[in-house]
Amino acid sequence: MNREFIYIPVSVSTNTELKNKIRGSAAPVTAVLRAGEQSGGRGRQNKTYFSPRGGVYFSAAFPLAGDETHVSVLTLLAGLAVCRALESMCPAGYKIKWPNDIYLHGKKLSGILTELVSVGPRLTAVVGIGINAGIGKEEIPKELSGVMTSLPAEGLKSPDPAALTRNIVHLLDHYVYDCRALSADFSPFAELINERSYLTGRTVTVETGSETVSGRVLSVSPEGKLVLETDAGRAEIFSGSVMEIGNRR
Ligand code: BTN
């Protein structure tokens, strides 16, 4: 994929800016937009995403061919790309917390927001990634310190933001366009995700939108669903938010 990498010091939200660019363009957009900080960073479920200077914030456009059968796994693939890029540039035990977070030592290090934009008959996925890279421990607000961490807070040296961005996008391009992971068998990727699964073995409560499901996480299924052992048997959750997390057992 031939991509233009754009850097701006401040963005309201790189996802919002890239979506506007896609909507205003007749040709497919393949740009990657990175910002030094965001004044209105967005997370899932309309939450704000704390985006001070020092973090890595970018959004990449993925024009879709139209024959993809499971676009929803894109967020999991992005999580895998973030882990693998960080593992090679800044080795540590990064974990994927289904469906869209990366954890390090039990706290959130990175979040992913995937949004779809349609222009005429074409659909483009915008994958937005935030990584608490160069944010010092003392810069983490007190009210977030129990749930959020950063590379320096864990004693790690942050990689160069531009190089980290390129590595992640390069891996994700490989999964999406070379391996055709959004239409081909997802199970090899699910295996790599399971090797890094934060939730496996933990007791969770998941809000799916239509119901609340509690149980012990068994795995991420070959299709990318969260598999739980519940009092009623086995449940496979396609999309949802993990509300409560218990200890591993
Ligand atoms: C989450 O934690 O719920 C997802 C957070 C996603 C944050 C990234 S930072 C780059 C891109 N721009 C945004 O406004 N959000 C995403």
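Numbering of ligands and ligand atoms starts at 1, following listing order.
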Legend entry - Gly43: numbered ligand 1 atoms lying under 4.0 Å from its heavy atoms: 1 (C), 3 (O), 4 (C), 5 (C)

Legend entry - Asn100 contact mode with ligand 1 (heavy-atom cut-off under 4.0 Å): side chain

Inset, instruction - Indicate yes or no: does an N/O atom of Tyr57 lie under 3.5 Å from an N/O atom of ligand 1? - result: no

Legend entry - Heavy atom of the protein closest to atom 10 (C) of ligand 1 (residue, atom name, distance): Thr14 OG1, 3.2 Å

Inset, instruction - Kindly indicate whether the side chain of Met243, heavy atoms from C-beta on, has any atom under 4.5 Å from the side chain of Val204. - result: no

Do any side-chain atoms of residues 47-66 form donor-acceptor pairs under 3.5 angstrom with protein atoms, and if so which ones, sequence neighbours left out?
| unit_1 | atom_1 | unit_2 | atom_2 | d |
| --- | --- | --- | --- | --- |
| Tyr49 | OH | Gly130 | O | 3.1 |
| Ser51 | OG | Gln38 | NE2 | 3.0 |
| Ser51 | OG | Tyr49 | O | 2.6 |
| Arg53 | NE | Glu37 | OE2 | 3.0 |
| Arg53 | NH2 | Pro9 | O | 3.4 |
| Arg53 | NH2 | Glu37 | OE2 | 3.1 |
| Tyr57 | OH | Pro52 | O | 2.6 |
| Ser59 | OG | Thr14 | OG1 | 2.7 |
| Ser59 | OG | Asn15 | N | 3.0 |
| Ser59 | OG | Asn15 | OD1 | 2.6 |

Inset, instruction - Count the heavy atoms of every other residue, nucleotide or ligand shown that sit under 6.0 Å from NZ of Lys108, and state whether that count exceeds 12. - result: yes

Legend entry - Single-linkage hydrophobic cluster, 4.5 Å side-chain cutoff, Ile112 and Val176 together: yes

Legend entry - Whether over 12 other heavy atoms sit under 6.0 Å from Phe238 CZ: no

Inset, instruction - Record the part of Ala35 in heavy-atom contact with ligand 1 below 4.0 Å; permitted values are side chain, backbone, both and neither. - result: neither

Inset, instruction - Report yes or no: is the cationic atom of Arg202 (NZ for Lys, CZ for Arg) under 6.0 Å from the centre of the six-membered ring of Tyr198, at an angle within 45° of the ring normal? - result: yes

Inset, instruction - Considering only non-hydrogen protein atoms, determine which one is nearest to atom 3 (O) of ligand 1 and report residue, atom name and distance to 0.1 Å. - result: Arg44 N, 2.8 Å

Inset, instruction - Distance to 0.1 Å, residue and atom name: give those for the protein heavy atom nearest to atom 5 (C) of ligand 1. - result: Tyr49 CD1, 3.4 Å

Inset, instruction - May I ask you to identify the nearest protein heavy atom to atom 2 (O) of ligand 1, giving residue, atom name and distance to one decimal place in Å? - result: Lys108 NZ, 2.5 Å

Legend entry - Heavy-atom nearest neighbour of atom 13 (C) of ligand 1 within options Lys47, Glu115, Gln38: Gln38

Inset, instruction - For residues Gly79 and Ile102, report the shortest heavy-atom separation together with the two atoms involved. - result: O-CD1, 3.5 Å

Inset, instruction - Please report which non-hydrogen protein atom sits nearest to atom 15 (N) of ligand 1, along with the residue it belongs to and the distance in Å to one decimal place. - result: Arg42 O, 2.7 Å

